[in-house]
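Contents: one structure, followed by commentary.
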2 protein chains.
Amino acid sequence: MPRSASQPRRRNPRQSRSQATCDAILTATARVLVKDGYDAASTNRIAKEAGVSIGSLYQYFPSKEGLVVAVMERHRTQSLAEFEAGLTQLASQPLPVALRALIGQVIASKVDNPRLHQVLHELLPRLREWGTVDTFEQRLIRMVRAFLLPRAHDIRPANLDMAVFIMVHTVDALCHAAVSQRPDYLEDDTFAEELCALVLGYLRPEATSTPRRRGRSEPRRLSPARRQERAAPAR
Amino acid sequence: MPRSASQPRRRNPRQSRSQATCDAILTATARVLVKDGYDAASTNRIAKEAGVSIGSLYQYFPSKEGLVVAVMERHRTQSLAEFEAGLTQLASQPLPVALRALIGQVIASKVDNPRLHQVLHELLPRLREWGTVDTFEQRLIRMVRAFLLPRAHDIRPANLDMAVFIMVHTVDALCHAAVSQRPDYLEDDTFAEELCALVLGYLRPEATSTPRRRGRSEPRRLSPARRQERAAPAR
DNA sequence: TGAGAACGTGAGCGGTCGCTCACATTCTTA
DNA sequence: TAAGAATGTGAGCGACCGCTCACGTTCTCA
């Protein structure tokens with residue numbers, strides 16, 4: 001049984017020399033993961049690719065799992081920061097405009113090095129098995145929730161938490177599906193437009209053929225007072 | 001290097017005794033996968049769980065990969081058959097009714113043994129790595145496409161293939177996300193309703209605030225004549 | 001400048017895993 | 001009922017993998 005991935009480092013690099021070693025190991029790991037996948041990526045192979053000895057690798061990373069977790073964290077931190085930047089920048093825009101820009105941004109972030117995104121995405125379930133709680137996804141969900149909260153009265157879904165869950169997973173999953181099965185879609189503006197239509201159509205209050213007036217029935221629409229009740233706990 | 005998973009069986013069972021052995025191995029594999037995951041599921045362990053010797057296992061399955069592929073095929077064949085039955089039965093229903101029923105059916109299929117669905121779903125990328133083309137997904141996509149084709153003029157998306165890709169992956173991914181992260185959603189009718197709203201909102205022609213008349217702009221709507229042009233090849 | 005801390009090295013240990021093969025047992029069939 | 005086909009057995013092989021540890025090398029700083 002390999003040791004837990006939870007303690008992130010075995011020894012902190014103090015000199016710049018060792019910091020460079022750490023970086024080399026991390027980027028080499030990403031490179032080997034991209035080239036061979038997780039199973040074929042042995043730690044000896046990663047060390048060789050990084051140009052360091054296997055011993056050095058285990059000076060800074062507690063296990064193969066810990067190493068992969070570190071790569072994941074570096075990658076997700078960066079992605080999340082980019083996303084947050086986009087989100088705050090677009091906060092005052094109308095929803096369709098902001099959404100279109102955000103989806104374009106998400107797709108663009110995968111277009112550069114799609115294979116790494118793919119490998120890391122497919123590694124996520126294993127991270128969960130290793131007990132690494134996915135803080136990043138929680139932060140992402142909180143960010144989207146905060147973005148949507150001021151607009152809560154203009155959108156259809158009564159349960160905001162569920163709506164955010166659905167939106168985040170929809171966009172993420174479709175981007176990943178495109179990366180691994182239809183790379184051509186990533187370059188196709190139609191795909192981004194359709195993703196946008198999907199999410200907007202989900203948020204848009206129901207349109208009935210009778211214009212403006214309330215249609216035949218909107219049984220699932222709740223008053224603001226009841227909204228809180230239905231909402232799931234913050235988790 | 002393990003041998004390829006493509007040749008499905010090493011030897012065909014001729015007597016009922018060996019057929020029972022095969023079945024025992026397959027169900028034991030599913031059980032061990034559920035209990036321990038793919039990595040910890042050694043072939044010796046599976047054989048022990050099935051109550052047969054490791055030699056017998058390799059009489060009927062060419063490799064660990066081949067064994068997992070067989071489990072996957074058995075499972076997907078059954079799921080696909082159920083889905084197809086629902087699809088043909090609902091073919092004449094109006095779209096919202098049919099869609100709601102289908103989504104309910106998909107969710108219900110995961111509710112029974114969710115962990116197996118989860119494990120197999122997370123194993124899909126590896127199947128692709130092993131060169132097992134996912135015929136089942138292609139068949140699923142063709143089925144949904146055929147279901148949607150007669151209604152193509154009532155729905156918004158111009159590129160039917162892309163729409164089917166988006167719908168199938170959306171529903172699948174959200175069900176899987178619920179299975180592995182929010183099992184409570186699977187029992188919650190609201191979740192099914194929201195999934196339905198998501199897909200219907202995607203297919204529904206755009207409603208603008210100005211009723212009935214064309215709104216400010218619908219630049220991306222194509223005439224039926226141009227539809228064919230934009231549609232992706234059959235793949 | 002030298003002592004000790006930080007950093008780097010790689011042979012190899014302990015263990016597991018996928019899989020084989022020589023052989024035993026059970027069934028079919030003429 | 002006997003011969004041979006089908007089926008079942010499990011010790012163990014070869015390969016690889018994660019990881020350690022005893023030992024060099026380079027840096028820091030009093």
Side-chain angles (χ1 to χ4, degrees), chain A residues 1-26 28-29 32-33 36-71 123 126 129-130, chain B residues 1-26 28-29 32-33 36-71 123 126 129-130:
Chain A
M1 166 97 70
R3 82 173 56 205
S4 158
S6 53
Q7 60 242 47
R9 294 274 158 113
R10 174 163 294 183
R11 180 188 289 184
N12 291 52
R14 295 221 199 298
Q15 308 171 2
S16 68
R17 181 169 49 132
S18 56
Q19 185 56 60
T21 302
C22 268
D23 283 355
I25 292 170
L26 285 172
T29 305
V32 174
L33 281 179
D36 305 337
Y38 177 81
D39 294 311
S42 76
T43 49
N44 277 284
R45 220 160 133 39
I46 289 170
K48 194 160 289 176
E49 178 87 18
V52 304
S53 78
I54 180 65
S56 289
L57 191 154
Y58 280 97
Q59 294 249 338
Y60 300 104
F61 301 96
S63 63
K64 183 183 175 181
E65 295 179 0
L67 177 54
V68 169
V69 167
V71 171
L123 233 34
R126 274 195 254 207
E129 263 175 36
W130 300 339
Chain B
M1 165 102 69
R3 80 172 58 206
S4 156
S6 53
Q7 61 242 48
R9 294 275 158 113
R10 174 164 296 184
R11 181 189 287 186
N12 291 51
R14 294 217 198 304
Q15 308 172 2
S16 68
R17 181 170 48 131
S18 56
Q19 185 57 60
T21 303
C22 268
D23 283 354
I25 293 170
L26 285 173
T29 305
V32 174
L33 282 179
D36 305 336
Y38 177 81
D39 294 312
S42 77
T43 49
N44 277 286
R45 219 160 134 41
I46 290 170
K48 195 160 289 178
E49 178 86 19
V52 304
S53 78
I54 180 64
S56 289
L57 191 153
Y58 280 97
Q59 294 251 338
Y60 300 104
F61 301 97
S63 63
K64 183 183 175 182
E65 295 178 1
L67 176 54
V68 168
V69 168
V71 171
L123 233 33
R126 275 194 254 208
E129 263 175 36
W130 300 339

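A, B, ... follow the sequence lines: proteins, then strands. Residue 1 opens every chain.
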Distance in Å, A:E65 CD paired with A:T43 OG1, rounded so as to fall on 0.5 Å steps
12.0 Å
Calculate the interatomic distance between A:Y58 atom OH and C:dC13 atom C1'; express it in whole Å.
14 Å
Going from CZ on A:F61 to OG1 on A:T29, what distance comes out if it is rounded to the nearest 0.5 angstrom?
7.0 Å
Given atom CG of A:D39 and atom P of C:dT16, what is their separation to the nearest angstrom?
18 Å
How many Å lie between CD1 on B:I46 and P on C:dC19, as a whole number?
11 Å
So how far is it from A:L57 CG to A:K64 NZ, rounded to the nearest 0.5 Å?
11.0 Å
For the side chain of A:S53 and the backbone of A:S56, is there at least one donor-acceptor N/O pair under 3.5 Å apart?
yes
Can you check the A:K48 NZ to C:dT9 P distance for me, whole Å?
13 Å
Summary of protein contacts for nucleotides 7-13 of chain D, nucleotide by nucleotide, where a base hit scores B, a sugar-phosphate-only hit scores S (4.0 Å, heavy atoms):
BBBBB--
Listed by chain and number, what are the side chain to side chain contact (heavy atoms under 4.5 Å, CB included) partners of B:R17, not counting sequence neighbours?
B:Q15
When rounded to the nearest 0.5 angstrom, what is the spacing between OH in A:Y60 and CG in A:D23?
11.5 Å
